[in-house]
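As C-alpha cells, the structure follows; a few thoughts come after it.
Only this structure's heavy atoms are used, side chains among them; waters, hydrogens and symmetry mates stay out. Quick caveat: nothing in here was measured; it's all calculated off a predicted structure.
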Amino acid sequence: MIKALVLGGGGAKGFAHVGVIRALEEKGFVPDLIIGVSAGALVGAGYALLSDSKRLWEISLEICRKGKKLLRFANSAARENRGLLFNAATCFHINTFKALPFGLYLNALKKGLKGYRFSDTRIPFKCVSTIMDSGELFVHEEGSIFEALRASMAIPGIISPFSHKGFSLADGGIVNNIPVSIAKEEGCTLVLAVDLSSNNRKVGIDTSNSILEIIDVYKVEEFQRKELALADVVISPLNKRNIGLLDFSSCIELMNESYEETLKFDLIGASQ
C-alpha cells in the first residue's frame, strides 16, 4: 500500500493541518508521499523535512505566538494612527513574506533548514502552483523547497507572483486547491485528503478580506468536489468553523481543534 497525504490550501486555516498531522501520526498513519498546495504546501514541507509531528507542532506554536505579538503591534499602531509610514512598511513586509505569520513560518524554515531541496526530505514531497500565463498547474518536485513554497503561496493581490523557469507562478489553489489526482497519478493506493473548506460560510463583500473569502468560497468548487471524490479518505476538520482567509488571530485554537477532531476520525485500514 502506497499512502499519500494531500493537504489543501486555505490561508490562515492552514495551521489546522498541523493538528491533523499530529493526530494522524498518533493513530499510526505516516504517509509515503505528501502533496500540498499553498498553506498545505508550507505545512507539508515542514512535515516532509522533519518527519516528526511533535517537532512540527512545537515550531508552529512558536510561529503562532510570534504572529500574535506582531498582530497586536499592528492593531496598536493602527489605533495610535502612526500614519502612512507604518502603512507603507506593512505593505512592504506583506509583499516580501515577512509580516504575516505564514511569512514568519517561511522565514523559520528558510533559516532553520537553509538550502534544503526536495531531495533532502525524509518523506517524499511535492507541491503545486499556478502558471499565470496559461492557467495550468505546475508541479514542484525538485530544486529549492523555499522557492517552491514561495510560488505555491503567492496569493493574488497579497503576494506577487514568483518567477521560476520562465514562468510566472502564483498560488496553486487558483487551479486546484486539493490536488488528489496528482497522488493518484503517482500510483498511490490510499489517498487521505485534508479539506479546509467550510460548510458554515457566511461572507460579505464589504472589505478586501471578505472579497478574498468570496474567491476562496466559489472558485472551482465543482472541480474541487471531483478531486475529493478521488480520495479514499477525506478529513474536513473545519466544517463548523468560519475562518477568514487572512485571519491569523486563532491559529493556535485551529491547531488544537483540528487535532481533537482528527482523533475522533475512524482510520480503520488507513494506518496499515
Side-chain angles (χ1 to χ4, degrees), residues 1-11 13-18 20-21 24 29-49 102 118 121 123-143 145 147-156 159 161-162 164-165 167-198 215-238 245 258 270:
M1 180 185 296
I2 304 174
K3 297 176 288 186
L5 176 63
V6 180
L7 304 175
K13 295 181 287 187
F15 280 98
H17 285 312
V18 180
V20 172
I21 288 170
L24 288 176
F29 181 90
V30 177
D32 302 298
L33 172 66
I34 300 170
I35 299 174
V37 55
S38 195
L42 178 59
V43 177
Y47 186 39
L49 287 162
F102 275 144
F118 280 81
T121 58
I123 302 173
F125 170 70
K126 299 177 187 289
C127 66
V128 300
S129 60
T130 299
I131 302 174
M132 296 301 286
D133 295 333
S134 65
E136 296 176 289
L137 205 63
F138 188 100
V139 180
H140 300 265
E141 52 190 341
E142 61 181 9
I145 287 181
E147 289 183 359
L149 296 179
R150 171 65 176 81
S152 187
M153 295 186 64
I155 302 172
I159 299 164
F162 182 69
H164 178 69
K165 293 186 176 181
F167 296 111
S168 180
L169 304 177
D171 193 296
I174 297 171
V175 172
N176 190 340
N177 204 42
I178 187 85
V180 175
S181 55
I182 294 175
K184 289 295 185 179
E185 290 168 5
E186 290 293 319
C188 296
T189 51
L190 193 152
V191 180
L192 191 156
V194 184
D195 175 26
L196 297 185
S197 60
S198 171
I215 296 172
D216 183 51
V217 169
Y218 294 118
K219 66 183 178 183
V220 296
E221 283 205 336
E222 181 61 30
F223 182 79
Q224 182 163 316
R225 281 193 287 270
K226 291 178 180 178
E227 285 286 307
L228 287 173
L230 297 174
D232 300 287
V233 180
V234 177
I235 294 178
S236 301
L238 303 181
L245 187 66
S258 61

Any non-hydrogen side-chain atom of Leu7 less than 4.5 Å from a side-chain atom of Val37? no

Atom pair CZ/CD1 of Phe125 and Ile34 - distance to nearest 0.5 Å: 7.5 Å

Grab the two heavy atoms, one from Gly11 and one from Ala39, that are nearest each other, plus how far apart they are. O-CB, 3.5 Å

Are any of the side-chain heavy atoms of Arg150 and Leu169 separated by less than 4.5 Å? no

Flag side-chain contact, heavy atom, 4.5 Å: Leu196 against Pro237: yes

Please give me the minimum heavy-atom distance between Ala231 and Ala193, naming the atom from each residue. CB-CB, 4.0 Å

What is the distance from atom OG of Ser129 to atom CD of Glu147, rounded to the nearest 0.5 Å? 11.5 Å

Classify the ring geometry between Phe138 and His140 as parallel (under 30°), tilted (30 to 60°) or perpendicular (over 60°). tilted

Met153 and Leu42, any side-chain heavy atoms less than 4.5 Å apart: yes

How long is the gap from CD1 on Ile178 to CZ on Phe223, to the nearest 0.5 Å? 11.5 Å

Evaluate the criterion side chain to side chain contact (heavy atoms under 4.5 Å, CB included) for residue pair Ile35 and Val180; output intermediate values, then yes/no. CA-CA 8 Å; Ile35 299 174; Val180 175; over 6 Å; no

Backbone N or O of Asn177 within a donor-acceptor pair of the Gln224 side chain at under 3.5 Å? no

Do the numbers put Lys126 on top of the ring of Phe118, so that NZ or CZ is under 6.0 Å from the six-membered ring centre and no more than 45° off the axis? no

Donor-acceptor contact below 3.5 Å, side chain Ser258 vs main chain Ala16: yes

Do Asp32 and Ile123 make a side-chain contact, defined as non-hydrogen atoms from C-beta onward lying under 4.5 Å apart? no

Donor-acceptor contact below 3.5 Å, side chain Thr130 vs main chain Leu137: no

Note, Leu5 side chain near Leu33 side chain (heavy atom, < 4.5 Å): no

Per-pair distances, 0.1 Å, donor-acceptor, side chain in residues 184-192, under 3.5 Å, sequence neighbours excluded:
from   : atom 1 : to     : atom 2 : distance (Å)
Lys184 : NZ     : Asp232 : OD2    : 3.1
Thr189 : OG1    : Ile2   : N      : 2.8
Thr189 : OG1    : Ile2   : O      : 3.4

Measure the spacing between NZ of Lys226 and OG of Ser181 and express it to the nearest 0.5 Å. 12.0 Å

Val194 and His17: CA distance, side-chain angles, deciding distance, side chain to side chain contact (heavy atoms under 4.5 Å, CB included) verdict: CA-CA 7 Å; Val194 184; His17 285 312; 3.5 Å; yes

Between Val128 and Ile182, is there a side-chain heavy-atom distance shorter than 4.5 Å? yes

Evaluate the side-chain proximity of Leu238 to Lys13: yes if any heavy-atom separation is below 4.5 Å, no if none is. yes

Which atoms form the tightest heavy-atom contact between Ala170 and Ile174, and what is the distance? CB-CD1, 4.0 Å

Expected output: side-chain Ser38 to main-chain Gly9 donor-acceptor under 3.5 Å: no

